[in-house]
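Reading through the structure tokens given below for one structure.
When reading the values below, keep in mind they use all heavy atoms of this one structure, side chains included, and skip hydrogens, waters and symmetry mates. To find a chain, count down the sequence lines: A is the first, B the second, and so on, and within it residues start at 1.
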There are 2 protein chains.
Amino acid sequence: MQMPISVPNRMKDPLTRLPGYVLRRASAATVAELNQRLQSLDLRHAEAACLLLIDASPGLTQSEIGRTLDIQRSNMAPFALRLESRGLIERRKVDGRSQGLILTPIGRSVLAKARKVVEAYELSLIRRVPEELRPAVLPILMALWNRQSD
Amino acid sequence: MQMPISVPNRMKDPLTRLPGYVLRRASAATVAELNQRLQSLDLRHAEAACLLLIDASPGLTQSEIGRTLDIQRSNMAPFALRLESRGLIERRKVDGRSQGLILTPIGRSVLAKARKVVEAYELSLIRRVPEELRPAVLPILMALWNRQSD
DNA sequence: TATTGTTATACTCTATAACTATA
DNA sequence: TATAGTTATAGAGTATAACAATA
């Protein structure tokens, strides 16, 4: 992400009327912002998401996490390895091929800090939206994601 | 993007309540979908955006486009080169260092098809959202992007 | 047969630094 | 001094294929 340009852009921009385009730009901007806020914990946003998932469901396997986060099984291997070698998670054999992932004490401590960062960031995001539109935020994003809100 | 899992996911998922997370997932999913629809034109979503911009403001320079799309100047070079070597755009010297970009006849023809794909996709996106929420879509996305709607 | 974890590999996207030519 | 275009390079992120071990 480049830092925002402060001079007004006088260019015709036919793109900012396209929800899909603005969705991409909003996502790219917020990912960059969240990654920056997580930098001091040496975490990427997807790693924080992974820790949050494991904390909510200890014993999840790599494959299950990958399916939830839409990360390929093959890409989960180095991903989980990094969390493991940093001592944030442990693997526990479930059967001969699956290994449940759980947080270590260090992992729980890092997650506690990450959770604060994430929650503060989510709050700052929602606060960008005019109050009367806030109830529509999740339903709209879930719909664009093509998921039922529930 | 993996194809969606059809079996319901019974896993606790604390993430889908987080607007920022859902924003990222919605964006990733829609980028993948749009890229797939543009595949037959051998265009990526950012290339289509670039053509749309040049068409709206012929003579834009690489740097200006990069600032508009948040693509680094250094990354714009191979990007523009590809469009040029495919005969979609031409460079016209503005002064000793800047080159304005314009669409070639081929570029206009490809853009016409790309525009249809993009507009159809944008329409399909907005249709995912319940009708009464649609007016809030752009204001919310612009707010999350941290831009004024106007 | 299908699934888990893994390795290898390739491609895209993004980020930084440095260079030149020009304004 | 600042800007435009370029090159080189490194790091993420993502995609596919293939393999062994296990269910």
Side-chain angles (χ1 to χ4, degrees), chain A residues 1-7 24-25 27-36 38-39 42-50 59-85 89-101, chain B residues 1-7 24-25 27-36 38-39 42-50 59-85 89-101:
Chain A
M1 277 290 300
Q2 288 172 358
M3 284 300 104
I5 310 289
S6 55
V7 283
R24 293 192 287 281
R25 295 299 305 275
S27 170
T30 58
V31 166
E33 286 166 350
L34 180 56
N35 278 335
Q36 203 157 6
L38 288 170
Q39 211 168 19
D42 193 19
L43 284 180
R44 310 281 303 167
H45 69 93
E47 293 174 321
C50 190
L60 283 180
T61 67
Q62 274 182 212
S63 295
E64 288 168 329
I65 293 169
R67 281 191 291 270
T68 302
L69 298 181
D70 193 36
I71 298 174
Q72 308 277 341
R73 212 167 68 253
S74 59
N75 294 327
M76 278 301 298
F79 190 93
L81 183 60
R82 178 161 186 268
L83 294 177
E84 189 191 21
S85 37
I89 64 172
E90 270 180 20
R91 306 179 193 233
R92 298 246 169 117
K93 283 249 176 266
V94 170
D95 58 30
R97 59 181 178 183
S98 298
Q99 328 168 23
L101 304 185
Chain B
M1 277 289 301
Q2 287 173 0
M3 283 300 105
I5 309 290
S6 55
V7 282
R24 293 192 287 280
R25 295 299 305 275
S27 170
T30 58
V31 166
E33 286 166 350
L34 180 55
N35 278 335
Q36 203 158 5
L38 289 169
Q39 210 167 18
D42 192 20
L43 284 180
R44 310 280 305 168
H45 69 93
E47 292 174 323
C50 190
L60 282 181
T61 66
Q62 275 182 211
S63 295
E64 288 168 330
I65 293 170
R67 280 190 290 269
T68 301
L69 299 181
D70 194 35
I71 297 175
Q72 307 278 342
R73 213 168 68 252
S74 59
N75 295 326
M76 278 301 298
F79 191 93
L81 183 61
R82 178 162 186 267
L83 294 177
E84 188 190 24
S85 38
I89 65 173
E90 270 179 20
R91 306 178 193 233
R92 300 247 169 113
K93 281 248 176 268
V94 170
D95 57 32
R97 57 181 180 182
S98 297
Q99 329 169 23
L101 304 184

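The distance from atom CG of A/Asn35 to atom C1' of D/dG11 is 12 Å, rounded to the nearest whole Å. Atom C1' of nucleotide D/dG13 and atom CG of A/Leu43 are separated by 17 Å, given to the nearest angstrom. Here C/dA2 presents its P atom at 20 Å from CD of A/Glu64, a figure rounded to the nearest Å. Rounded to whole Å, atom P of D/dG11 lies 14 Å from atom CG of A/Asp42. Going from atom CD of A/Gln72 over to atom P of C/dG5 covers 15 Å, rounded to whole Å. Rounded to whole angstrom, the span from the CG atom of A/Leu81 across to the P atom of C/dA8 amounts to 13 Å. In this structure, A/Ile71 atom CD1 and C/dT6 atom P are separated by 15 Å, rounded to whole Å. To the nearest angstrom, P of C/dC11 lies 18 Å from CZ of B/Phe79.
Looking at heavy atoms from C-beta onward, B/Glu33 lies out of side-chain contact with B/Gln36 at the 4.5 angstrom threshold. No side-chain heavy atom of B/Gln99 sits less than 4.5 Å from a side-chain heavy atom of B/Val94.
Remark: B/Arg82 CZ is packed, more than 12 non-hydrogen atoms of other residues, nucleotides or ligands lying under 6.0 Å away.
Taken from CD1 in A/Ile89 to CD1 in A/Ile65, the straight-line distance is 7.0 Å, to the nearest 0.5 Å. Put simply, CZ on B/Arg67 and CD on B/Gln62 are 11.5 Å apart, with the number rounded to the nearest 0.5 Å. Here the CD atom belonging to A/Glu47 is positioned 9.0 Å from the CG atom belonging to A/Leu38, to the nearest 0.5 angstrom. Interatomic distance, B/Arg91 CZ to B/Leu81 CG, rounded to the nearest 0.5 Å: 6.0 Å.
Residue-level contact check: B/Arg91 touches the backbone only, with heavy atoms under 4.0 Å from sugar-phosphate atoms and none from bases. Nucleic acid contact for B/Ser74: base, since at least one base atom lies under 4.0 Å from a heavy atom of the residue.
In terms of phosphate contacts, B/Gln62 brings a side-chain nitrogen or oxygen within less than 4.0 Å of OP1 or OP2 of D/dT6. In this structure, B/Arg24 does not reach the D/dG13 phosphate: none of its side-chain N or O atoms is under 4.0 Å from OP1 or OP2. Checking the phosphate oxygens (OP1, OP2) of C/dT16, no side-chain nitrogen or oxygen of B/Arg73 falls inside 4.0 Å. Dashed line: the shortest gap from a side-chain N or O of B/Arg82 to OP1 or OP2 of C/dC13 is not under 4.0 Å.
Positionally, the nearest nucleotide of DNA chain D for B/Ala80 lies more toward the 5' end than for the other of B/Ala80 and A/Asn75. Taking the nucleotide of DNA chain C with the nearest heavy atom to each of B/His45 and A/Pro78, the more 5' of the two is matched to A/Pro78. Residue A/Met76 is the one, among B/Ala46 and A/Met76, whose nearest nucleotide of DNA chain C lies closer to the 5' end (criterion: closest heavy atom).
The stretch residues 92-100 of chain B touches DNA chain C through B/Asp95, B/Gly96, B/Arg97, each having a heavy atom within less than 4.0 Å of the strand.
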